[in-house]
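First up is the structure itself, then whatever we jot down about it.
Just so it is clear, the structure is predicted and the values come from calculations on it, not from any experiment.
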Protein chains: 2
Amino acid sequence: MRPELLKGHLDVLLLAIISEGPAHGYAIIDELRHRSEEAFALPEGTVYPALHRLEEAGFVSSTTSRVDGRSRRTYALTGDGRQALAERRREWSTFKGAINAVLGEQP
Amino acid sequence: MRPELLKGHLDVLLLAIISEGPAHGYAIIDELRHRSEEAFALPEGTVYPALHRLEEAGFVSSTTSRVDGRSRRTYALTGDGRQALAERRREWSTFKGAINAVLGEQP
DNA sequence: CCTCATACCTAGTTAGTCTAGGTATTGTCC
DNA sequence: GGACAATACCTAGACTAACTAGGTATGAGG
């Protein structure tokens, strides 16, 4: 799948996963790959900066810890993040409907 | 709707509309806006270059004419374009399914 | 010891949409 | 007649977000 397709859609995926419970970057990458059945096998260079942007925007907060000797940054959804997720879900719904309408597919 | 969302998805929309019969740029913009119920109200600066890329890629061919004193460039789908459209439709289907799977929505 | 998996990071590239301008014709309203 | 909207095309440069390709470090298995 061409990488451009994901542009602008990654945030809602990350927020959705984090909304189900705090998670760290590497685990989020795994989760994305599995749930999408390998469709979203994203490089770290895509996901880490995206998480940083979400934190910058105040949609997630992070805490660092050490697990089995490895440093780990765990993300949790903020109140603003929950709002943003709801809005991004609606946005996805609109986008999907609009594309389907143009392609003449049933919703 | 944020403009980034469209990235990589415009081609399939243009190919789908042109596949229903030859059309010119301005009419395609109108058609997109109406079918998507204003969700895709795209500026000319988005659509014209996209059509040029599709022609460059060999997916559409164009002929110029003059209608009511105005010059007009009409696009038609090529054989390669028909193949590309089929592939892009499958790609959209995969993408949509993958996002829905991550968001936990029913297809 | 070497490789793989885990776990984080960032600078620079790339690609595609948008902004903001341009040209030209026709029709409408005052 | 003059201003303006609608039709119809075009392009250079800005912007943004995902990717490439590198880096660091630990632990486990062969």
Side-chain angles (χ1 to χ4, degrees), chain A residues 1-15 22-34 36 39-57 59-60 62-75 84 88 91 95 98-99, chain B residues 1-15 22-34 36 39-57 59-60 62-75 88 91 95 98-99 102:
Chain A
M1 193 161 49
R2 287 169 305 125
E4 309 91 77
L5 294 184
L6 192 61
K7 274 200 189 168
H9 298 278
L10 179 55
D11 290 7
V12 72
L13 301 179
L14 299 178
L15 291 172
H24 65 286
Y26 205 81
I28 292 172
I29 290 172
D30 264 8
E31 188 69 12
L32 263 174
R33 196 176 60 248
H34 291 136
S36 71
F40 300 136
L42 306 182
E44 303 174 11
T46 293
V47 176
Y48 287 123
L51 288 170
H52 298 163
R53 279 197 301 273
L54 289 177
E55 185 163 26
E56 183 96 15
F59 297 153
V60 300
S62 75
T63 52
T64 52
S65 59
R66 205 145 242 280
V67 178
D68 295 329
R70 294 188 190 88
S71 74
R72 179 178 282 188
R73 182 177 294 275
T74 302
Y75 293 92
R88 294 298 167 89
E91 194 180 44
F95 179 79
I99 298 260
Chain B
M1 196 161 46
R2 287 169 305 126
E4 310 91 77
L5 295 184
L6 191 60
K7 273 194 193 174
H9 298 278
L10 179 56
D11 289 8
V12 72
L13 301 179
L14 299 179
L15 291 173
H24 65 285
Y26 205 82
I28 292 171
I29 290 172
D30 264 7
E31 187 70 13
L32 263 174
R33 195 175 62 246
H34 291 135
S36 70
F40 299 136
L42 306 183
E44 302 173 13
T46 294
V47 176
Y48 288 123
L51 288 169
H52 297 164
R53 281 197 300 274
L54 290 177
E55 185 163 26
E56 184 96 15
F59 297 152
V60 299
S62 75
T63 51
T64 52
S65 60
R66 205 146 241 279
V67 179
D68 293 331
R70 293 188 189 90
S71 75
R72 179 179 282 189
R73 182 178 293 275
T74 302
Y75 293 92
R88 294 299 168 88
E91 195 180 44
F95 179 80
I99 298 261
V102 174

Does [X] have any side-chain contact (heavy atoms from CB on, under 4.5 Å) partners at least two apart in sequence or in another chain, and if so, which?
X	answer
A:S62	A:E55, A:R73, A:Y75
A:E31	A:I17, A:R35
A:P22	A:T74, A:A76
A:A23	A:I28

Nearest-Å distance for atom pair [atom1]/[atom2], residues [X] and [N]:
X	N	atom1	atom2	value
B:Y48	D:dA12	OH	P	16 Å
B:I99	D:dA18	CD1	P	11 Å
B:D30	D:dA8	CG	P	8 Å
A:E56	D:dT16	CD	P	14 Å
B:E55	D:dC10	CD	C1'	14 Å
B:L5	D:dT16	CG	P	15 Å
B:R73	C:dA24	CZ	C1'	16 Å
B:I28	D:dT7	CD1	P	15 Å

### Query
Quick one: what's the B/S/- string for nucleotides 15-20 of chain C, heavy-atom cutoff under 4.0 Å, read 5' to 3'?
BBBBBB

### Message
Generate the contact string for nucleotides 25-30 of chain D. Rules: B means base contact, S means sugar-phosphate contact only, - means no protein heavy atom under 4.0 Å.
### Response
-BB---

### Task
List for me each residue that meets salt bridge (Lys or Arg N to Asp or Glu O under 4.0 Å) alongside B:R33, sequence neighbours excluded, and say none if there are none.
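Result, salt bridge (Lys or Arg N to Asp or Glu O under 4.0 Å) vs B:R33: B:D30, B:E38.
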
### Task
Please name all residues satisfying salt bridge (Lys or Arg N to Asp or Glu O under 4.0 Å) with A:R53, sequence neighbours left out, ordered by chain then number.
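If we apply the salt bridge (Lys or Arg N to Asp or Glu O under 4.0 Å) test to A:R53, skipping adjacent residues, there are no hits.
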
### Query
How close do B:V60 and B:L51 get, heavy atom to heavy atom, and via which atoms?
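B:V60 and B:L51 have their closest heavy atoms at CG2-O, 4.1 Å.
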
With a 3.5 Å cut-off and sequence neighbours excluded, list the donor-acceptor pairs that the side chains of residues 7-15 of chain B form with protein atoms.
residue, atom, partner, partner atom, Å
B:H9, NE2, A:L5, O, 3.0
B:D11, OD2, B:R88, NH1, 3.4

### Query
Would you say B:Y26 reaches D:dT7's phosphate, i.e. side-chain N/O to OP1/OP2 under 4.0 Å?
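Answer yes for this pair, as a side-chain N or O of B:Y26 is under 4.0 Å from OP1 or OP2.
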
### Query
Does C:dT10 have OP1 or OP2 sitting under 4.0 Å from an N or O in the side chain of A:H52?
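Yes, A:H52 has a side-chain N/O under 4.0 Å of OP1/OP2 on C:dT10.
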
### Query
Which value, rounded to the nearest 0.5 Å, describes the distance between B:Y48 atom OH and B:Y26 atom OH?
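With rounding to 0.5 Å, OH (B:Y48) is 7.5 Å from OH (B:Y26).
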
